[in-house]
Amino acid sequence: MIYNTLTRRKEEFRPLAGDTVRMYVCGVTVYDLSHAGHARSAIVFDVIRRYLAYRGYQVRFVKNFTDVDDKIIRRANEEGVPPSLVSERNIEEYHADMAAIGVAPADEEPKATEHVPRMIQLIQRLVAKGVAYAVDGDVFFEIRKFPGYGKLSGKKLEDLVAGARVEVDERKRDPLDFALWKASKPGEPAWESPWGPGRPGWHVECSAMSMQYLGETFDIHGGGEDLIFPHHENEIAQSEGATGRPFARFWIHNGLANLGAQKMSKSLGNTLTIKDLARRHDPEALRLYLLGTHYRNPLDFAEARIDEAGRALERFRALLEAADRLASRGTPAPGSDDGLLGTVGSLRERFQAAMDDDFNAPQAIAALFEMASVLHAYRDALERDERPVGPFLLGVNELLTLGHVLGLFQKPVEPAGPPREVAERIEALVRARDGARARRDWRRADALRSEIAALGAITEDTPHGTRWKWTPR
RNA sequence: GGCGGCGUAGCCAAGUGGUUAAGGCGGAGGUCUGCAAAACCUCUAUUCAGCGGUUCGAAUCCGCUCGCCGCCUCCA
């Protein structure tokens with residue numbers, strides 16, 4: 001079941017063609033660095049894509065870059081560089097940001113500037129059908145000619161006109177008509193067209209590129225809920241106006257991350273860029289935090305919550321590390337698992353049921369936490385040699401698999417360690433402390449523990465020896 | 001003004017007509033430990049902004065009130 005903005009209901013999801021899911025998500029306009037809200041959207045659709053793949057679908061995923069628009073041009077003028085430099089730089093930054101937060105690249109990441117001929121074709125089709133008109137080198141879409149206008153956003157034309165605060169271009173036949181093609185002013189990027197030199201309007205790029213890569217009708221179109229109107233509404237009008245066929249079947253919109261609680265920064269906009277977040281926090285903690293709120297709900301972004309999520313992550317990581325260590329100690333061996341795998345199996349079903357119900361990641365994560373609990377309990381018994389190791393390894397593997405579906409546990413379990421010399425010193429101190437402990441010289445042992453702590457590590461004594469963890473301040 | 005959403009424990013956050021209201025963080029107690037750490041166990045909302053109503057039964061449906069937010073303009 002997926003909530004479809006178009007129908008305002010959860011609907012059973014079936015792809016149009018067999019096992020292939022074709023999905024398009026509106027990417028970013030690359031005039032600046034991406035921020036927390038972009039991260040949320042990217043992670044939400046990354047998880048949707050991963051889950052569909054986990055469910056056995058072949059997902060064809062397209063995410064665009066808007067690399068020509070007013071803001072890019074303005075930024076370029078401010079910096080005194082060509083617009084392409086601004087957009088290329090920010091596309092690189094975007095790729096780096098996505099890699100940093102574990103978002104996999106889309107199968108196709110088309111740029112608007114590389115698809116202008118397609119857009120011109122689409123506009124020509126609309127003009128030929130009589131639903132678009134050219135004035136002085138601009139081309140507008142005539143919304144009154146598209147009966148379904150407003151069906152996605154639930155807006156009535158009369159209300160829109162009444163409340164319109166847009167400055168009205170009197171060349172438009174209706175104030176709501178929107179630009180498909182803009183005649184370019186001197187110094188702006190321009191492409192030749194039947195209407196003279198110009199550049200595409202914002203909305204038309206997504207229609208042209210989505211249909212080029214996915215066909216005239218495809219399964220899922222996504223984006224932030226701020227895009228519902230007018231962007232997505234206009235995409236529907238253009239696409240269906242041209243093809244006469246349904247455009248996207250399911251519309252998925254993520255709730256916005258507002259920084260309301262976070263007072264807007266001193267000078268310019270708030271500085272919660274992905275770059276800053278990735279530098280200050282564990283990216284997986286960020287992901288766990290963001291997925292802890294259902295994707296359609298608004299999220300009040302708070303950095304302290306990311307650190308909380310980081311503490312919760314430790315419980316998973318301890319398990320993965322334990323499995324790594326224990327893997328060498330035995331293979332799946334017969335013996336009672338005390339119901340472990342049965343419990344793990346039913347938790348996996350809960351995970352799936354949650355994700356099947358409109359990608360309820362918070363509930364899916366709850367199942368994962370419970371899975372971690374039973375695995376840890378089993379591990380406790382195992383460390384006392386009361387249980388075979390096989391079931392534990394299988395259970396952790398299940399946890400790992402489901403975590404991957406949410407894009408968690410992507411990094412190697414090896415956490416960043418201290419520099420070699422420090423590690424060697426710590427090792428030496430740990431050995432010395434073990435010696436002291438063997439002599440039951442507690443005072444000496446505690447003194448050594450303090451020294452180890454001063455170097456930035458915490459000791460953990462177990463039945464199988466002392467371990468230490470690097471916990472840099 | 002129009003359209004839409006939200007208000008659940010100290011904090012974050014699921015649940016949207018019917019067994020004990022998920023889960024996380026924090027907190028309290030316990031087990032383990034030389035002491036710790038980590039982990040595990042138990043506890044931490046007789047109650048879901050407030051007031052009415054519908055119903056055998058409501059956090060979940062309806063109405064009103066209070067508070068907060070989004071979109072209607074570029075925006076993930």
Side-chain angles (χ1 to χ4, degrees), chain A residues 5 8 25-29 31-32 34-45 63 66 69-71 74 150 153-156 158-167 176 202 222-231 233 253-258 260 269 288-289 291-294 296-300 302 304-315 317-319 321-322 350 354 357 360-370 372-381 383-384 436-437 440-443 445-446 449 453 457-463 466-469 471:
Chain A
T5 308
R8 276 147 236 276
V25 171
C26 288
V28 292
T29 301
Y31 70 96
D32 204 350
S34 302
H35 61 249
H38 298 119
R40 183 184 191 199
S41 186
I43 286 173
V44 161
F45 289 103
K63 180 158 71 175
T66 299
D69 94 325
D70 293 345
K71 280 189 270 193
R74 189 173 34 131
S153 55
K155 295 188 184 303
K156 299 190 200 74
E158 311 83 70
D159 298 340
L160 284 168
V161 177
R165 293 181 294 175
V166 209
E167 94 257 9
L176 290 168
W202 175 38
E225 71 181 5
D226 52 346
L227 297 181
I228 294 173
F229 190 90
H231 185 52
E233 194 70 60
H253 292 99
N254 65 274
L256 303 183
N258 65 62
L288 187 63
Y289 163 56
L291 294 176
T293 297
H294 185 89
R296 281 196 281 119
N297 290 154
L299 178 109
D300 242 318
R305 300 283 95 69
I306 304 176
D307 296 326
E308 278 182 12
R311 286 192 279 279
L313 257 188
E314 288 305 315
R315 260 174 61 212
R317 292 201 174 135
L319 228 29
E321 284 164 23
R350 258 172 61 190
D357 183 14
N360 195 326
Q363 266 182 13
I365 289 170
L368 255 32
F369 275 114
E370 290 189 40
S373 286
V374 299
L375 286 166
H376 263 130
Y378 187 93
R379 192 204 60 162
D380 272 2
E383 301 264 11
R384 296 190 299 268
R437 292 180 68 227
R440 307 180 68 79
D441 180 354
W442 309 127
R443 183 186 287 191
D446 289 347
R449 181 163 60 197
I458 286 176
T459 53
E460 291 180 13
D461 303 329
T462 78
T466 300
R467 290 198 298 273
W468 58 273
K469 260 205 312 212
T471 54

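Chain A is the first sequence line, chain B the second, and so forth, proteins listed ahead of strands; every chain is numbered from 1. What's counted below: heavy atoms across the whole structure, side chains too, no hydrogens, waters or symmetry copies.
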[N] pairs with, by Watson-Crick or G-U criteria that keep both distances under 3.5 Å:
{"N": "B:rG57", "value": "none"}
{"N": "B:rA28", "value": "B:rU42"}
{"N": "B:rC48", "value": "none"}
{"N": "B:rC66", "value": "B:rG7"}
{"N": "B:rC71", "value": "B:rG2"}

Do A:R315 and A:S373 have a side chain donor and acceptor closer than 3.5 Å?
-> yes
Whole-Å [atom1] distance, [N] and [M]:
{"N": "B:rC74", "M": "B:rC68", "atom1": "P", "value": "28 Å"}
{"N": "B:rC51", "M": "B:rG18", "atom1": "C1'", "value": "25 Å"}
{"N": "B:rU19", "M": "B:rC66", "atom1": "P", "value": "34 Å"}
{"N": "B:rG29", "M": "B:rG63", "atom1": "P", "value": "49 Å"}
{"N": "B:rC61", "M": "B:rA22", "atom1": "C1'", "value": "23 Å"}
{"N": "B:rA21", "M": "B:rC62", "atom1": "C1'", "value": "23 Å"}
{"N": "B:rC40", "M": "B:rG23", "atom1": "P", "value": "13 Å"}
{"N": "B:rU31", "M": "B:rA37", "atom1": "C1'", "value": "15 Å"}

Want to settle it: does A:G154 or A:D226 sit nearer the 5' end of RNA chain B, counting the closest nucleotide to each?
-> A:G154
Between A:A377 and A:L256, which has a closest nucleotide on RNA chain B that is more 5'?
-> A:A377
When every non-hydrogen atom of A:R379 is compared with those of A:A322, the smallest separation belongs to CD-CB, 3.7 Å
Value in whole Å for how far the [atom2] atom of [N] lies from [atom1] of [X]:
{"X": "A:N254", "N": "B:rA76", "atom1": "CG", "atom2": "P", "answer": "11 Å"}
{"X": "A:F229", "N": "B:rC74", "atom1": "CZ", "atom2": "P", "answer": "9 Å"}
{"X": "A:E314", "N": "B:rA37", "atom1": "CD", "atom2": "P", "answer": "16 Å"}
{"X": "A:D441", "N": "B:rG34", "atom1": "CG", "atom2": "P", "answer": "15 Å"}

Can [X] and [Y] be counted as an ion pair, charged N to O under 4.0 angstrom?
{"X": "A:E314", "Y": "A:R311", "answer": "no"}
{"X": "A:E225", "Y": "A:R296", "answer": "no"}
{"X": "A:D461", "Y": "A:R437", "answer": "yes"}
{"X": "A:D446", "Y": "A:R449", "answer": "yes"}

Decide whether a cation-pi geometry holds between A:K155 and A:F229; the criteria are a distance under 6.0 Å from NZ or CZ to the six-membered ring centre and an angle within 45° of the ring axis.
-> yes
With a non-hydrogen cut-off below 4.0 angstrom, is [X] in contact with a base, only sugar-phosphate, or nothing?
{"X": "A:A257", "result": "base"}
{"X": "A:T29", "result": "sugar-phosphate"}
{"X": "A:G27", "result": "sugar-phosphate"}

d(A:Y31 OH, A:T66 OG1) to nearest 0.5 Å is 11.5 Å
Is there a donor on the side chain of A:K71 or the base of B:rC74 sitting less than 3.5 Å from an acceptor on the other?
-> yes
Side-chain-base donor-acceptor pair under 3.5 Å for A:R449 and B:rA36 | yes
Below 4.0 angstrom from OP1 or OP2 of B:rA39, is there any side-chain N or O of A:H376?
-> no
Sidechain-backbone polar pair: A:R40 side chain, A:L256 backbone, donor-acceptor under 3.5 Å | yes
Mark up nucleotides 11-27 of chain B, 5' to 3', with B wherever a protein heavy atom is under 4.0 angstrom from a base atom, S wherever such an atom reaches only the sugar-phosphate, and - elsewhere.
-> SSSSS------BSBSS-
